[in-house]
Amino acid sequence: MSSERRKPYPFDQIEPKWQAIWDERQIFHAPNPGEKNFDAAKPKFYVLDMFPYPSGAGLHVGHPEGYTATDIIARYKRMRGFNVLHPMGWDAFGLPAEQYAIKSGQHPAVTTRENVSKFKSQLKRIGFSYDWHREINTTDPRYFKWTQWIFLQIYNSWLNPKTNKAEPIKTYRGKNPDEVRLAYVADVLVNWCPELGTVLANEEVVDGKSEVGGFPVVRRPMRQWMLRITAYAERLIDELEGLDWPQGIKLLQRNWIGRSEGAEVDFKIDDKKIRIFTTRPDTLYGATYMVLAPEHSLVDLIVTEEQWPSVRDYREKTARKSDLERTELAKEKTGVFTGAYAINPVNDEKIPIWIADYVLLGYGTGAIMAVPAHDERDLEFARKFNLPIRQVVQPPGDEEPIGFVGDGVAINSPIIDGLPSREAIRKITAWLEERGLGKRAINYKLRDWLFSRQRYWGEPFPIVWEDGKHRVLDESELPVVPPPLEDYKPTGTGEPPLAKAKDWIRYSKKAVRETNVMPQWAGSCWYYLRFCDSHNDKRFVSEKAEKYWMGGGKPGGVDLYVGGTEHAVLHLLYARFWHKVLFDLGYVSKSEPFQRLVNQGIILGEDNQKMSKSRGNIVNPDDVIEQYGADAFRCYEMFMGPLEQMKSWSMRGVEGIARFLARVWRLMMSENQAGQWELSPAVQEVDLTNPQRKILHATTKKVTDDIESFSFNTAISQMMIFVNAFTTAQTIPISAMQPFLVLLNPFAPHLSSELWEKLKLPGQITEQPWPGFDERFLVEDEVEIVIQMNGKVRDRMKMSIQASEEEIKNAALALPKIQELTSDKQIRKVVVIPKKLVNIVL
RNA sequence: GCCGAUGUGGCGAAAUGGCAGACGCAACGGACUUAAAAUCCGUUCCCGUGAAAACGGGGUAUGGGUUCGAAUCCCAUCAUCGGCACCA
């Protein structure tokens, strides 16, 4: 293991050499339309990685997996004649840098700068072909100025239900625009994490604990900034349709948004009414009681004198429950009677009204009709509190009717008796609508996005408060830069740390600044747009650059987006939402940001466990590159298995790939007496033999197809087969090596560049067109045909490729072995698949 | 509980209706070498017959089905991973 050990090939010299050349000559810089060297004749291809959070730990082997895949695609597409946009940047606002600042007293900007420079040098060492000229950092005021600017656009817009599009707020004709703005302030029950001293989005709470750090989270009402993402629920579901995303991710988003169709129905209580939402209006006759969420505003108005103490008591108890407790205690239903009764509109029956925490304020109308016979939760509740259960749906077959929640036939329901459930729903909804008792309605699980955080290290809001009212700053006042602070610690009271900057918050005599900051997701909601034009100080992105890189014939702008599944709902939903707002306002040309999405699988440690510090199974890319080189590292990451799959690291596997690359090297290079590498004398300008030509064309075809389908592992296998076929050859034809090096280039760019130079091939390898192949060289005159009997292989024979089915059949039946096996048997059928096989059925 | 994905040698995997295990790792044998490393060549799913070449049988989580033919399509079950989880 000593570093003195001779390298199987001198990657330690050639890799830094080529990285320096690429850097110096700006080989991978993609000019924008209108800039020098821009070639308008070429089509564009935008290939994007999910940019990393530059943590102190540096890169791990999971990061470069997706990055290598996109780098292969980027290099391949350039050779295919595309203008390729392939950028990289840093998502650098967020909790870890701030937590570290609290501990060490070092300003987050300082640690961020250090971490970025470490990440960048690690990425460069792997030889990625990023256009570093376009590098961005979400914590750079020149960047977050535009994050704040986009917030202004969101704040100054509303969704016009008539057009289902965002419009400037001035087109709103109502009295109070603050009620419809896409960014608004509201008192909401939030997820408050005392340990982190901040509120969290629903999406950031996992099993009642914070996703970052795993600290307990409690419900607490607070005044917060919200983004009206729910206004886009329908479009966020519908417009998934045109995207080339994995079905699973689309489903995850659909489920998260959670669309359900049903009806809203009004139940009368004296002179008031309660509106409920149900997906099963056909079960209205089975409603035997109602439940309101404990926090429902109507509770105060309807509760009777004698029930008041227990109702108050119950409400207090549920308010104190954390989310975790609410779900953990879900096994046992709880609730209390309000003393009030409502009238069921279909049969004028008087039914009791309860409150229970299994009904959520935030979904639907916060009130339900309970149909215990056909809803599991209602049934459980009814059984516990001895409420009546009435069957109104007859299940198909002999299923148990009580507790049946599927579709059947309506019974005990005069208006709809005998109708199948779907029809019954339609009929009763129409019946309700005619009488003004209810209407068709759609509900979404998706909640508005809680957009403020009580932290330091994030984008300040471009907002000031005056006389208790918020207003936005002018564009000219951007960026709003966070003030320097001695102490970043959360206050613990829910007041943001920025409130400690007494001078900074004082905006004018009358106005004070908003002290919340935006969540970490803000910066990543639009970074792909900034990459199109990252130095623009007049606009978040120029129209021209946006139109070019984010344009095209598809709904989504970025042609290929690669990253982990962990962002399936959060980042990808938020970014789509922002993009749609910008699209509606006319700032971007497509309604979706990402046309094609590919998820890379996570890489486990050698022990098949998730890599983690505590397990000590973390693989550091630097160590791998030190020992085997960047090309081997890249190729191994791709050779491990299908990109999307979860897979385990193996150092032995890296060695195998390193051996392959060394074989490529020695195919063309040999050592002289002095132990120096020089061009092998076997490399000559000779004609290819037929088998050589065949394998070259087969390899070209397979590598091309496999890159297109992201099957990088099998592309590498094929190149191994190619190399194995040439290792024994007496002479190595240059005419085979030249295209092969181009095929290898996206995978092992350093090695292939060096060999290209050593072979004195013309120009730069990066400027070569992708090799073509000719199908004619792939087909053989003769193919081997397998003879099966009853599906079992019994013999094989060579046949001309042109042989007819009849000829093949006769030839097969004439084979001595087949004659022998069939002589005393009846042949029932013979199946002939030309060029493949014959199956004789006995 | 619900939804989704996955399940193939000692290991990573390939084959997505037509010869299961390409390619790589590991192991074993051989060549080169004073020796080792490196390199090159060969063998390796299981069982049976055979000195061997070979031949026969079985085999893709489990059980069934469709088909001339199934790792691949369908049904059921099990296991692992991921997501959601009182959403009316």
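In what follows, chains carry the letters A, B, and so on, assigned in the order in which the sequence lines appear, proteins first and then strands, with residues in each chain numbered from 1.
No side-chain heavy atom of T68(A) sits less than 4.5 Å from a side-chain heavy atom of F747(A). Residues I353(A) and L292(A) are in side-chain contact: their nearest non-hydrogen atoms beyond the backbone lie under 4.5 Å apart. For the pair L661(A) and Y9(A), the minimum side-chain heavy-atom distance is below 4.5 Å.
For A15(B), there is no paired base (Watson-Crick or G-U wobble, both distances below 3.5 Å). When both pairing distances are held under 3.5 Å, A26(B) makes a Watson-Crick or G-U pair with U44(B). Checking A54(B) for Watson-Crick or G-U wobble geometry (two distances, each under 3.5 Å) identifies U49(B) as its partner. Base pairing of A5(B): its partner is U80(B), meeting the Watson-Crick or G-U wobble criterion (both donor-acceptor distances under 3.5 Å).
An OP1 or OP2 oxygen of C40(B) is reached within less than 4.0 angstrom by a side-chain nitrogen or oxygen of R666(A). OP1 and OP2 of A5(B) both lie 4.0 Å or more from every side-chain N or O belonging to Q645(A).
The gap from the C1' atom of G7(B) to that of A13(B) amounts to 13 Å, rounded to the nearest Å. Rounded to the nearest Å, the gap between the P atom of C3(B) and that of G9(B) is 29 Å. A gap of 45 Å separates the P atoms of A27(B) and A76(B), to the nearest Å. Rounded to whole Å, the C1' atom of C74(B) lies 7 Å from the corresponding atom of U66(B). One P atom belongs to U62(B), the other to U72(B), and the distance between them is 11 Å to the nearest Å. Taking atom C1' in both A51(B) and C46(B), the straight-line distance is 23 Å, to the nearest Å. Distance check on atom C1': G59(B) versus G21(B) gives 11 Å, rounded to whole Å. Rounded to whole Å, the C1' atom of U44(B) lies 15 Å from the corresponding atom of G24(B).
A side-chain donor-acceptor contact under 3.5 Å links K647(A) to the backbone of Q645(A).
Residue K836(A) places no side-chain atom within donor-acceptor reach of the base of C19(B), judged by atom type and a 3.5 Å distance cut-off alone.
Electrostatic pairing of R440(A) and E264(A) does not count as a salt bridge here, judged by no charged N lying under 4.0 Å from a carboxylate O.
One can place CE of M640(A) at 12 Å from C1' of C11(B), the figure rounded to the nearest angstrom. If you take CG of D795(A) and C1' of C55(B), they are 13 Å apart, rounded to a whole angstrom. The distance from atom OH of Y363(A) to atom P of A88(B) is 4 Å, rounded to the nearest whole Å. Put simply, CG on L573(A) is 13 Å from P on C84(B), counting in whole angstrom units. Here the C1' atom of nucleotide A38(B) and the OH atom of Y9(A) are 16 Å apart, to the nearest Å. Distance, D375(A) CG to C86(B) C1': 9 Å, rounded to whole Å. For the pair L604(A) CG and U6(B) C1', the interatomic distance rounds to 13 Å; values are reported in whole Å. As a whole-Å value, the separation of R796(A) CZ from C55(B) C1' is 14 Å.
F726(A) and F722(A) have tilted rings, their planes meeting at an angle from 30° to 60° on a 0 to 90° scale.
Across all strands shown, L251(A) has heavy atoms under 4.0 Å from sugar-phosphate atoms exclusively, and none from any base. Using a 4.0 Å heavy-atom cutoff across all strands shown, R259(A) reaches no nucleic acid atom at all. Across all strands shown, T728(A) has heavy atoms under 4.0 Å from sugar-phosphate atoms exclusively, and none from any base. Within 4.0 Å of V841(A), counting heavy atoms only, lie sugar-phosphate atoms of the nucleic acid but no base atom. Residue M719(A) is classed as having no contact, given no heavy-atom separation below 4.0 Å to the nucleic acid. The residue Q247(A) sits apart from the nucleic acid: no heavy atom pair falls under 4.0 Å. Counting any heavy atom pair closer than 4.0 Å across all strands shown, S648(A) reaches no nucleic acid atom.
Looking at T230(A) and Y444(A), their side chains never bring a donor and an acceptor atom within 3.5 Å of each other. Side chains of Y285(A) and N344(A): a donor-acceptor N/O pair is absent below 3.5 angstrom, by distance only.
For the pair S260(A) and K829(A), nearest-nucleotide mapping onto RNA chain B gives the more 5' position to K829(A). Comparing M369(A) and M646(A) against RNA chain B, the residue whose closest nucleotide sits nearer the 5' end is M646(A).
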Expected rows: protein N/O vs nucleotides 20-27 of chain B N/O, under 3.5 Å:
{"from": "A22(B)", "atom 1": "N1", "to": "S717(A)", "atom 2": "OG", "distance (Å)": "3.3"}
{"from": "G24(B)", "atom 1": "OP1", "to": "N724(A)", "atom 2": "ND2", "distance (Å)": "3.1"}
{"from": "C25(B)", "atom 1": "OP1", "to": "R659(A)", "atom 2": "NE", "distance (Å)": "3.0"}
{"from": "C25(B)", "atom 1": "OP1", "to": "R659(A)", "atom 2": "NH2", "distance (Å)": "2.9"}
{"from": "A26(B)", "atom 1": "OP2", "to": "R659(A)", "atom 2": "NH2", "distance (Å)": "3.1"}

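Distance check, rounded to the nearest 0.5 Å: CZ of F11(A) to CG of D631(A) gives 10.0 Å.
Closest contact between the side chain of K647(A) and the listed nucleotides C41(B), A13(B), C55(B) involves A13(B).
Y628(A) and F633(A) have their aromatic ring centers separated by at least 6.0 angstrom.
Its glycosidic angle being within 90° of 0, G9(B) falls on the syn side.
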